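Letters A, B, ... mirror the listed sequences (proteins, then strands); counts begin at 1. Since this is a predicted model, take the numbers as computed values, not measurements.
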Amino acid sequence: MSATSARPSHAAQPSGSAFILKKALISAAVALVLFSLMIGVRTEAGPQGGLIYWTRFGDLAAMVGTVFGGSIIIELLRQWWGPVDKEHIVPKPVQAAMSFAGRWLAPALLVFAFLVPVIFYDQRYILDLSILVLTYVMLGWGLNVVVGLAGLLDLGYVAFYAVGAYSYALLATNFGLSFWVCLPLAGILAAFWGVLLGFPVLRLRGDYLAIVTLAFGEIIRLVIINWQSLTGGPNGVSGIPRPTLFGIPLDNSDDGLAARLGIDFSPTHRIVFLFYLILAMALLTNWVTIRLRRLPIGRAWEALREDEVACRALGINVTTTKLTAFATGAMFGGFAGAFFATRQGFISPESFTFQESALVLAIVVLGGMGSQLGVALAALTMIGGFELFRGFDQYRMLVFGIAMVLLMIWRPRGLIGHRAPTVFLERSQAISSDLVKEGHG
Amino acid sequence: MSGDPILTVDRLIMRFGGIVAVNELSFAAERRKITALIGPNGAGKTTVFNCITGFYRPSGGAIRLTDDDGRTMQLERLGDFRITKQAKVARTFQNIRLFPGMTALENLMVAQHNALMRASGLTFLGLIGAPSWRAAEERAIELARTWLDRVGLLSRADDAAGNLAYGDQRRLEIARAMCTEPVLLCLDEPAAGLNARESGGLNELLLSIRNDQGTSILLIEHDMSVVMEISDHVVVMDYGVKIAEGTPQAVRDDPKVIAAYLGADEEEAIAVMESGT
């Protein structure tokens, strides 16, 4: 935000080697203070139980030096490639190539997604990872309705994921209902809880809304932990039935799919089935969201994000508009939760911590709020990229964090920051992210 | 006052804590007429507007709207968005409140939310792409196109509202209010920040809205050239009470009005009054 607001006053933007050096020195000083205790002095319990310590000033110096150098590099990157003057860093041919890529990226990704089980049939790890990525794509698209379109900051999205998962798990294990009956029920129940959350927070905006939704997410988790008789508490629910292909189980029994088709049974069949199941569910989410954006309700969501007062002046019922946004987002979260439960076969409250909410929100923000393609790319980057960095071993988090920071410096409004109009007379032209509001509540 | 009032404000009181912003204000706005509400800064004009359009709930008094079918609605009981939805009162804002990240056309589509919501069968018909919804959407785009044309923004239809020039944004906001198909249009300082040529164009637009649409207009304005030229009736407020009303001519010559505008600076008051002629 500060980068965009500082843009008109180009001259005021501090630059020059003196500024960079000063900033690097300050960073190095902070690093010295921090690391002198964390790295410089190492303490350990000695053999007699007493505390022994030794110093590692060499490591400390290396660390401070890295911070000093890194600060200079980052500042240079910011000034050359930062958002301050992004115009002249991208040459014309690259721009043309990027717009070409932009047009074909979504269809190419879609085709690739359909082919994943064919290409990687023998690689169980990749298939499992793709299922995970698609689950987060779906969650991201669901949260995108609330955060990206309606501009309501929701930090407790995992609550609806949990409601969906537990709805399916409990309905299936207690009443023996099939996945296909439970799926809509899980969505409806999650939507119901979305409305329930929506009511008390209608008047809240911005930070206050975020705090209450955060609390709501925690409440749901704590209820699940403590309501032992229903949810099994911390032990979770196990033995959740696997999904069936409309009644045909995917196992090696006599009436299983493999036996009916007359082919050899392989556990990969079920993985492939799960893959296409979550792909279909995610695409349904995407399709509904794209349709909703072009309907009056979707436009009202976006208008709400832009200016709530103006919405009221146009006779839009802000209350129901907000509640439908919460309910729609929650419903998709519930669907994803039901899928999660059937995939895992076992769920426990540990799967529904704040970390999940934060991850999904990060996907939406990183993708560019409101952009469907951006959210999909972000989910791929966040979940897939995280796996990609596995080779870095204990530096995985560090590398991942640096990558995130750099990405946000480079694209403060997410991977795809601009907004596509929902209706046009002559030509559809993307709206710059500078104009699109982020929403206040 | 005689005739056929569309809006009757009856002993309206608005208190904020101990401050009485509007005190027992009564006036009426005639149907298919342009009524101007003027007064020095801090007179309580915008407060009256906010009461009429449901942004404030009045502390006392009544606001009655009688629509073209003769139905009377108590606006102070409707409140909030229902005033636009049911009583068909639309408003603009002193500081423009468009949806800057949406195109001009989208802004006008949002204004038709309630009609489109019905047509889309509360979204469900729209989701399956029912023909009746498609037809309704076409009509909505057509209405938006008409208004874009009338405010001279047809060529900017697909541009983001936030990218339009200031004067264009003012006109787009009026077009957006008109897309709610109101019976009463409330304009809060529509000429603020416009140059002479633009405010001339605004006069023509408002007159054509009154004459062609038959929409009654209530406006707050500081620009006397606008007030004097187009209003049929002027209500003057100061310190939350009405000090005069009548035709533009009568008001301009009213000693009480001159005194109110005199305030600290006599020259300024006379200049303000004279500028209308």
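Ranked by heavy-atom pairs shorter than 4.5 Å toward chain A, the options B/Q112, B/K85, B/M102 are led by B/M102.
Distance check: B/M117 CE to A/I316 CD1 gives 9.5 Å after rounding to the nearest 0.5 Å.
Pairing each heavy atom of B/A157 with each of A/L425, the nearest pair is CB-CD1, 3.5 Å. Pairing each heavy atom of B/R91 with each of A/A313, the nearest pair is CG-CB, 3.8 Å. Nearest heavy-atom pair across B/W133 and A/P296 is CH2-CD, 3.3 Å.
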Could you go step by step and tell me if B/E106 and A/R294 meet the salt bridge (Lys or Arg N to Asp or Glu O under 4.0 Å) rule?
CA-CA 10 Å; B/E106 281 180 303; A/R294 293 177 186 158; over 6 Å; no
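The backbone N or O of B/D158 sits nowhere less than 3.5 Å from a side-chain atom of A/E426 that would complete a donor-acceptor pair. B/R97 places no side-chain N or O within 3.5 Å of a backbone atom of A/D307 that could act as its donor or acceptor partner. At least one donor-acceptor pair closer than 3.5 Å links the side chain of B/N114 to the backbone N or O of A/G315.
For residues 138-156 of chain B, the interface with chain A (any heavy-atom pair closer than 4.5 Å) comprises B/I141, B/R145, B/L148, B/L154, sorted by residue number. Of all residues in residues 172-183 of chain B, those placing a non-hydrogen atom less than 4.5 angstrom from a non-hydrogen atom of chain A are B/R176, B/T180.
Residue A/R419 touches chain B through its side chain alone, counting heavy-atom pairs closer than 4.5 Å. For A/I431, the part sitting under 4.5 Å from any heavy atom of chain B is the side chain, from C-beta outward, and nothing else. Within the 4.5 angstrom heavy-atom criterion, only side-chain atoms of B/E137, from C-beta onward, approach chain A. Neither the backbone nor the side chain of B/T53 comes within less than 4.5 Å of any heavy atom in chain A.
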